[in-house]
Amino acid sequence: MVLELQEKLGEAIRALILKNYALDLPNVSLETPPDLRLGEVASPIAFELARRLRKAPKIIAQEIVTGLGAVEGFSGFEVAGAGYINARLDRLAAVCTTASEENAHLAAPGTEGHVLVEHTSINPNKAAHIGHLRNAILGDTFVRLLRATGFKVDVQNYIDNTGVQVADVVVGFLYLESKSVAEIRALAADCGERAEGTGSHTAGIDYYCWDLYARTSQWYEQGTVEEKEARKRLRYDTLHAIESGGNEIAKIADLISTAVLRRHLETMLRLGIEYDFLPRESEILHLKFWEAAREELERSGVLYEVTQGKNAGCWVMKRPGSEASAEETDDEAKVIVRSNGTVTYVGKDIAYHLWKFGLLGRDFGYRPFFRYADRECWVSTEHGEAAHPHFGGATAIYNVIDARQSDPQANVIQALRGMGHAAAADHYTHFSYEMVALTPRCAIELGYDVAPEDRTRPYIEVSGRKGFGVKADDLIDKLIAATRAEVDARRTGGIGENAEAERQKIAHQIAIGALRYFMLKYTRNSVIAFDFKDALSFEGETGPYLQYAVVRIRNIYRKGGTTPEAALAEFAKQAGQQVSESASQRSTAAARDGLSQYLSGEENEDIWALWLRAGRFSLVLEQSIAASEPAFLAKHAFQLAQEFNNFYHKHHILTEEDPQRKVFLLATAAVVLRELIKALSLLGIESPEAM
RNA sequence: GCGCCCGUAGCUCAGCUGGAUAGAGCGACUGACUACGAAUCAGUAGGUCGGGAGUUCGAAUCUCUCCGGGCGCACCA
């Protein structure tokens, strides 16, 4: 509602400026006044024009206000302050529009293309931790936002199943623990049996590997010089065996990484996060993606051989920004192919991204891997099934990868651009975010040894290699236990036969709501210093606060013996009468009667503010996507809930004596309920029936 | 050394393309449950927006510089 009106006003002002001053402004800046008493939309455009027109802002503003005349949806314009143009909405019309806008979404500008979002991408050699949760929740939420605006989105979770991290765990199993293949197989299989959430989440192979990985990493550092050398050799021999494939070591690695991957998918499913496709590095290697990419890289001159200097014998590419600055020497260039002929990570990534945009000329094989309630998640394979969905060939991609990887990401973009794929490079977004770290207090609480110099730091980086961090399932379990205790204390969900199941379900919904909101309330480039106190809080700006507002509204209708739908229908009937009356008696002061009176006056200002906030949804959604910032929507939902709670205390709906006003108040709550549920579902937060 | 990010109330963070008296939550203190359940609400205290300079009618927001903190800059993935 607000978005459409703003666009309309901007267009009207722009046309007027073109007509009056012969100036064509690309966009007219519009903002929200600090106080509702000043109006709902404001423009400081007169200040911008003052210089070019050599005229006082106030005079320009006055000329614009006079020239604007009537604009549909607005009740008037005025000049305020030193030259602001303040616009007042036609409140009754705005309320009627908002009430009837069941699914007011954006007219999706890019529905013709298809978007690919890559997120989660956890190395399959250990349990997921809180940093991975931030990644997955940000990515999943962004996917929901894109889909809500009409984009076709594929969700990919890239699996690096051939890297050193996997090799390290294999080394751990074989040489540190001397486990047989059968034993490893048994451990992996055990994990599958718990898949339905019946068993503990904390006894799986991912947890086992968490510790093993940390121990193996330590093992490499210990022993005599000769031992260290031997262990290092073991490590790289294992890695090479895994990369080549078709041998016993590679089979073991695949067994482990696949089992851990399943655990990750289960963990993420607890948060309502699903994937469409899991491209794996093993297939990128075996299907020779790199070889295909290399040809084009060489042909376009992006990749070239170095014959002298420290990179002699390597094939390299220029780093981003180097062409603008002074001559970059080959010593500073990015190595893509090592002197021993093997390709680096960035090289494989370039090939993979050519595939993402449909520019590689090769494809994966596909087979189903993980079953969701209503669809299948596919995985890459060398020889796949004949019938499979089509992935890749996207027109725009978003890579949810933490900020530490911005350099390698920039390299890939640089390569795409160098190969002449400008459109692809332009639609390649590194959706970066800062890490989740632990506060020193939290680390000590968890029993880790914290160095004295680290104790005074604001936060400490988590590390899988050191086994230092909070595991995702541990946090989720802790949250569920805390919400369950709260639910039991409040006797939520009744005392009937289904009480137990009901309470467990509600506790789960609240726990996930708390977690997702916690990860989404911070903007992307803010480091989250994790602390259980904050994460386990259910008061103030938290998921449960938002869910509680929803439950409160639902209770109003339950107690009142009606439904939100009925309230809105009743309201529409009244509003319809209002509109037709005022249309037929335009000259009379009909607006003083009926609904309009509930929208004016000091004591009703909060109600109008609530409707206005509810009507801002599409505007916020647009900003949220444009900035790739889910936090904007999270903040919007919180503010809506906060304003509702305020309204709830001030106006008691069910005891309202004026029947027409009661209908209006019920409709107000119904619109807030609709908007809250909508926003929460985009944040991946469920709206419980009771709390 | 080079690059990116951050520095706003005691703590954790918002602040949209520069705009009208700088906002939340937590914590502290005062109050409000026989009305739609208080996982709530109202109120009070608390800020030289890291320092300085510049651009501008106007700067938390843009530029430069300095200070402080974080993260990247491998023939590791």
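Just so you know, these numbers come straight off a predicted model, no measurement behind them. Quick note on labels: first sequence line is chain A, next is B, and so on, each numbered from 1.
- Nucleic acid contact class of Q547(A) (heavy atoms, under 4.0 Å, all strands): none.
- When both distances must be under 3.5 Å, the Watson-Crick or G-U wobble mate of rA59(B) does not exist.
- In this structure, R280(A) forms no cation-pi arrangement with Y158(A), as its terminal cationic atom is not both closer than 6.0 Å to the ring centre and no more than 45° off the ring axis.
- Closest-nucleotide positions on RNA chain B for T655(A) and Y236(A) were compared, and the one nearer the 5' end corresponds to T655(A).
- One can find a donor-acceptor pair under 3.5 Å joining the base of rA20(B) and the side-chain atoms of N86(A).
- Between F538(A) and C314(A), the residue whose closest nucleotide on RNA chain B is further toward the 5' end is F538(A).
- A cation-pi geometry, defined here as NZ or CZ lying under 6.0 Å from the six-membered ring centre and within 45° of its normal, does not hold between K348(A) and F289(A).
- OP1 and OP2 of rA77(B) both lie 4.0 Å or more from every side-chain N or O belonging to N123(A).
- Residues forming a ring pair (Phe, Tyr, Trp, His ring centres under 6.0 Å) with H508(A) (at least two apart in sequence, or on another chain): none.
- At least one side-chain heavy atom of D531(A) sits under 4.5 Å from a side-chain heavy atom of R441(A).
- Closest approach of V164(A) and R235(A) over heavy atoms only: CB-NH2, 4.5 Å.
- Nucleotide rU48(B): unpaired (no Watson-Crick or G-U wobble partner with both distances less than 3.5 Å).
- Between the side-chain ring of H649(A) and the base of rA42(B), no stacking contact exists by the 5.5 Å and 30° definition.
- Distances shown here put every side-chain N or O of R235(A) at or beyond 4.0 Å from the OP1 or OP2 atom of rA77(B).
- Contacts with RNA chain B (heavy atom under 4.0 Å) in residues 337-347 of chain A: R338(A), S339(A), Y345(A), listed by number.
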